[in-house]
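Following: one structure in structure tokens, then a few remarks.
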Amino acid sequence: MSETTTTAPPTEMTHKQIVEVLVGLMSALFVAIVSATIVSTALPTIIADLDGTQTQYTWVVTASLLAMTVTSPIWSKFSDLYNKKLLVQLAIVIFLVGSLAAGAVQNVPELLAARAVQGLGMGGLVSLAQSIIGSIIPPRQRGRYSGYLAATMAVATVSGPLLGGLVVDTLGWRWCFWVAVPFALAGLVMLQKFLHLDTVRREVRIDYWGALLITIAASLPLIWVSFAGSSFAWASVQTAEFLGAALIALVLAIVVERRHVDPLVPPRIVVDRITTLSILGSIAVGVAQFGASVFLSQYFQVARDHTPTEAGLLMLPLILGNMVGATGSGQYITRTGRWKGIMIVGAVTLMAGLLLMGTIDHLTPLWHLSAYMVLMGLGTGALMQNLVLVVQNTVDVTDVGAASGVVSFFRSLGGTIGVAALGAVLASNVSGKIAAGLAQAGIPTGGGGNVGSLDLGKLPPAVATIVRTAYADATGRIFLIAGVIALVTVVAVALMPVTELRTTIQKVEEEPVEQLEDVLA
């Protein structure tokens with residue numbers, strides 16, 4: 001491993017300076033995350049306008065999440081090697097280019113390509129925001145500011161559908177992409193003016209093979225779940241080819257990372273007990289974070305026949321829960337220095353909310369959904385940034401980017417795979433329920449029009465009712481699956497050793513990893 005040298009110890013910033021930097025970061029980060037979910041309420045309109053399918057419906061969201069996921073560890077590693085300020089500005093510019101292109105597309109393939117460019121910029125923004133915070137704020141105080149960042153990410157994730165609904169109903173769906181441009185530019189200006197970081201110089205050895213293999217290992221399962229069950233059977237030669245290639249890429253990636261002098265994902269960070277458990281805990285958080293906004297928006301519009309604006313408003317309880325969970329847990333951790341108890345409560349609350357959402361159907365009262373969404377929001381908010389915080393606490397400032405990126409990568413991967421896999425499950429269940437409903441009503445399958453279309457206005461009223469009921473009843477199934485996955489998060493957080501949060505940016509005491517378990521908060 002190359003030696004790290006710095007021109008001077010990291011300079012701690014004042015509260016005012018930190019807030020000025022955070023405003024710029026949160027402005028850019030907000031529009032990036034909003035762009036990942038703002039299309040959720042607009043998707044029925046977009047897909048109907050561009051003559052898309054249910055699989056393409058899911059991939060409009062998945063394309064950006066996939067690009068964000070596979071590039072986040074690369075951005076994070078670059079943040080440990082190069083100028084963080086320059087990198088975050090580059091990420092904003094890439095995101096802006098993707099946003100402008102997405103609003104001008106004429107078909108679904110063009111939209112998927114533009115969304116991938118957006119995702120590339122989003123991966124940089126999410127990773128670099130966490131890396132920058134880790135570089136300017138000590139872990140003990142970081143809970144307070146991470147709470148603000150987590151609240152921004154959480155609110156952006158679930159307020160995207162509300163903004164999308166308003167934009168679609170007033171300006172048209174193309175403005176769902178263009179509306180982000182001025183806010184991203186504002187963040188660019190703020191960061192240029194207020195973000196000043198000490199330069200960290202180190203010899204650069206870029207892990208190109210590691211980046212390629214990690215990208216392949218993460219991408220192939222996503223492509224597989226999108227086509228399995230429709231283009232080919234789940235148990236088939238094609239499935240074996242996809243998963244076999246992904247496994248080979250993963251094994252090769254591990255070999256490369258263990259041997260490279262400056263690996264993209266340092267094994268010494270991943271094998272740390274807290275990091276490993278945080279990775280496991282992040283998967284369900286990602287599924288809940290992204291899956292909720294995508295499938296709840298579809299549930300409200302397709303299954304319950306609400307307008308895009310109404311669908312966005314109905315998701316306000318989720319926004320409220322996220323805000324309270326993120327800011328409340330951040331303030332609590334900063335004041336007390338204790339993090340494990342509040343995170344266990346958050347994990348249990350998240351699982352309870354998802355399992356309760358698993359009971360919904362086409363007759364569920366809306367106030368029941370509101371209560372369930374509040375629980376989901378509280379749990380997600382209490383976990384999202386704090387899982388990153390406890391990992392950052394185990395490394396020095398020179399590795400804070402890589403450490404942050406590892407957790408963000410698996411959270412995004414969990415969300416991406418979750419959206420793709422649950423979307424495939426939803427499409428399969430909906431098809432079966434529509435066929436059963438048509439048979440029960442005595443309607444020939446070929447005579448009901450294009451029952452796979454999400455433009456229900458083109459269907460006969462009796463068929464449209466069957467389709468809506470099918471979507472409503474199938475949605476509960478996917479949240480039930482997410483609730484079972486959340487059990488992993490509960491167990492992972494419960495098994496985490498209790499550690500003391502540092503009050504310095506640098507890791508002044510180089511303790512062996514195994515000794516951390518003996519430190520009491």
Side-chain angles (χ1 to χ4, degrees), residues 20-38 63-103 113-136 149-150 152-153 156-157 160 177-197 199-200 204 206 211 214-215 218 264-265 290 385 388 400-409 411-413 415-416:
E20 289 171 341
V21 171
L22 281 181
V23 169
L25 283 177
M26 290 190 296
S27 176
L29 191 60
F30 181 82
V31 295
I33 300 299
V34 161
S35 293
T37 58
I38 193 172
S64 61
L65 292 181
L66 174 59
M68 180 177 73
T69 299
V70 299
T71 60
S72 62
I74 301 173
W75 285 105
S76 296
K77 187 61 179 180
F78 281 1
S79 75
D80 289 333
L81 303 176
Y82 300 108
N83 186 288
K84 292 181 176 63
K85 179 175 180 177
L86 178 61
L87 286 171
V88 75
Q89 290 174 322
L90 175 61
I92 293 174
V93 171
I94 293 174
F95 170 75
L96 286 172
V97 171
S99 299
L100 291 171
R115 292 284 289 168
V117 175
Q118 277 190 308
L120 176 60
M122 288 159 52
L125 285 170
V126 173
S127 302
L128 291 163
Q130 294 169 338
S131 178
I132 289 171
I133 284 183
S135 300
I136 63 177
L149 193 67
T152 300
M153 295 174 67
T157 300
F177 305 105
W178 292 336
V179 74
V181 173
F183 296 98
L185 287 174
L188 192 64
V189 172
M190 289 288 293
L191 290 173
Q192 176 62 30
K193 183 176 181 180
F194 295 114
L195 179 58
H196 305 288
L197 295 173
T199 301
V200 178
V204 177
I206 300 176
I214 289 172
T215 299
L264 189 69
V265 180
F290 297 109
Q385 282 299 105
V388 178
V400 73
S404 305
V406 166
V407 180
S408 297
F409 170 75
R411 183 178 65 226
S412 298
L413 183 62
T416 309

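We count residues from 1, following the sequence as given.
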Is the backbone N or O of Met122 less than 3.5 Å from a side-chain atom of Trp75, with the two atoms forming a donor-acceptor pair by type? no

Heavy-atom pair of closest approach, residues Gly98 and Gln118: C-CG, 3.5 Å

For a quick test of reading the model, state the closest non-hydrogen atom pair linking Leu120 to Ala67 and the distance between them. N-CB, 3.7 Å

Do Phe177 and Leu100 have side chains that approach each other closer than 4.5 Å (heavy atoms only, starting at C-beta)? no

Measuring from Leu125:CG to Leu90:CG, what's the distance to the nearest 0.5 Å? 10.0 Å

